[in-house]
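Following: one structure in structure tokens, then a few remarks.
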Amino acid sequence: MTNFKGFIVRNYDSKVEGQIEKLSTDDLSAGNVLIKVEYSSLNYKDMLAFQKNGGVIRNYPLIPGIDLAGTVISSEDANFKEGEWVLGAGYGLGVSHSGGLAEIARVPGEWLTKVPENMTTREAMIYGTAGLTAGLSIKALLEAGMKPEDHVLVTGSTGGVGSIATKILAKLGYENLAALVRKPGQAKIAQSLGATEVIDASSIRSGKPLQHQTFDYVLDTVGGDVAAALLSMVKIDGAMSVCGNVGGNKLATSVLPFILRGISLLGIDSITPPAEIQNEIWQKLATDWNIVDELVVDKVGLDEVLQVVQKLKDGQHLGRTIVKIQ
């Protein structure tokens, strides 16, 4: 029975509390691949896992962390061998299955992907779930017809998903690239990521089912009223991808954008994408879409996780934060 260090979230009568404890393999969920975790990352969903009624963890206690990257210690899955670098994102990690914020993880092999060549475990978690989600969003919009000359808007452009998406689109030659920001200090960050236009979120008003046709495509990471308002501003035959709900779960809209403008609303599932799609995105992030050295990244240890969680809760977090586990 291996002893190791990690976070565990426990549910008390009045609150949910996460703290670092000495753990054992008995604290891990079932799986057929044992991993020495080297890096994880912190996302909005991880923040919710530390909150009472956050809607992420339902059965306690549980090790949080919705993604991880590390080295295989042992494997009963023929696809993975001892010593190989692997990464996991989505599925039940940190939600219904022990996750990445511990030195050891045990994961079903079908949830894992080999770290691509030319990518390290650190780089894999700089992307993390956010990078996978950004990549899936871009893939969906490209398949809907998005081209470099189009007017494209990214919401939440200084957050995890938005910052990666903005940087990739800039790398791909999108020169009419707008970024939606909420705070004045975020404008310069969005521009440094490659945005050629910065729009204040307060200027986006919902209400009318159809507004002036402004954007060819929208990559939305926010949801809620922002997504509803932007949907009414997409041009004829355009599309909007939706991958987040920090702005709320409800989408107050009408059928008019769909039946009068032929707009497509593209839902992005980063939890259970087919293995071949996930592998495709990770390969893109390692090659044609590789912007890992150009992102805003902070590195913390396990003992600093709660500070970052609070920043995420307060809406003060920017870019990506990776957690060095070992």
Side-chain angles (χ1 to χ4, degrees), residues 9 28-33 35 37 39-51 53-60 62-70 77 79 86-101 105-115 124-141 143 155-156 159-162 164-165 219-224 227 240-251 265-285 309 312 320 322-323:
V9 178
L28 301 176
S29 302
N32 55 5
V33 182
I35 303 162
V37 182
Y39 289 93
S40 184
S41 74
L42 292 172
N43 306 272
Y44 183 78
K45 193 172 180 179
D46 290 307
M47 179 276 291
L48 292 176
F50 283 84
Q51 311 305 316
N53 301 319
V56 174
I57 298 176
R58 290 182 170 83
N59 296 308
Y60 300 88
L62 191 76
I63 298 168
I66 65 171
D67 49 28
L68 60 86
D77 186 318
N79 293 313
V86 294
L87 64 90
Y91 295 92
L93 285 175
V95 177
S96 58
H97 190 101
S98 53
L101 290 178
R106 186 163 53 206
V107 182
E110 58 265 30
W111 293 6
L112 296 171
T113 301
K114 292 181 182 180
V115 175
M125 284 300 98
I126 289 177
Y127 290 125
T129 298
L132 175 62
T133 306
L136 291 167
S137 300
I138 291 171
K139 174 180 168 63
L141 290 170
E143 291 176 347
T155 71
V161 177
I164 294 173
L219 192 157
D220 179 57
T221 71
V222 175
M240 181 170 79
S241 64
V242 178
C243 67
N245 64 346
V246 65
N249 293 327
K250 294 182 179 180
L251 188 65
L265 185 62
L266 311 172
I268 305 303
D269 171 22
S270 59
I271 306 300
T272 57
E276 63 272 17
I277 299 298
Q278 188 166 173
N279 288 335
E280 176 189 345
I281 297 300
W282 285 110
Q283 289 296 331
K284 286 279 191 182
L285 292 172
V309 165
L312 282 160
R320 297 286 294 142
I322 60 172
V323 185

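Atom set for the values below is all heavy atoms of this structure, side chains included, hydrogens, waters and symmetry mates excluded.
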Tell me if a side-chain donor or acceptor on [X] pairs with a main-chain N or O of [Y] at a distance below 3.5 Å.
{"X": "D220", "Y": "M240", "result": "no"}
{"X": "S29", "Y": "S98", "result": "yes"}
{"X": "H97", "Y": "R106", "result": "yes"}

### Message
Applying side-chain contact (heavy atoms from CB on, under 4.5 Å) to V242 and L251, what does each step give before you reach the verdict?
### Response
CA-CA 11 Å; V242 178; L251 188 65; 5.8 Å; no
Taking all heavy atoms of [X] and all of [Y], pick out the closest pair and write down the distance.
{"X": "I268", "Y": "S137", "value": "CG1-OG, 3.6 Å"}
{"X": "G109", "Y": "V33", "value": "CA-CG2, 3.9 Å"}
{"X": "G100", "Y": "S40", "value": "O-CB, 3.6 Å"}

### Task
Working to the nearest 0.5 Å, report the span between CH2 of W111 and CD1 of I271.
11.0 Å
### Query
Do you know which of T133, T155, T129 makes side-chain contact (heavy atoms from CB on, under 4.5 Å) with V161?
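The residue from T133, T155, T129 that satisfies side-chain contact (heavy atoms from CB on, under 4.5 Å) with V161 turns out to be T133.
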### Task
Using the side-chain contact (heavy atoms from CB on, under 4.5 Å) rule, pick out the option among L136, L141, I138 that qualifies with S241.
L141
Are side-chain heavy atoms of [X] and [Y] found at a separation under 4.5 Å?
{"X": "L68", "Y": "Y39", "result": "no"}
{"X": "L132", "Y": "W282", "result": "yes"}
{"X": "L28", "Y": "I63", "result": "yes"}
{"X": "L42", "Y": "M47", "result": "no"}
{"X": "L312", "Y": "D46", "result": "no"}
{"X": "L112", "Y": "D77", "result": "no"}
{"X": "Q51", "Y": "V309", "result": "yes"}

### Query
Judged by modelled atom types alone, do R320 and N43 share a side-chain donor-acceptor pair under 3.5 Å?
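Checked: R320/N43 side chains pair up, N/O donor to acceptor below 3.5 Å.
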### Task
Inspect the contact between E280 and K284 and indicate whether a charged nitrogen and a carboxylate oxygen are less than 4.0 angstrom apart.
no
### Task
Just jot down the side-chain contact (heavy atoms from CB on, under 4.5 Å) partners of L48, sequence neighbours excluded, or say none.
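For L48 the side-chain contact (heavy atoms from CB on, under 4.5 Å) partners, ignoring immediate neighbours, are Y44, V56.
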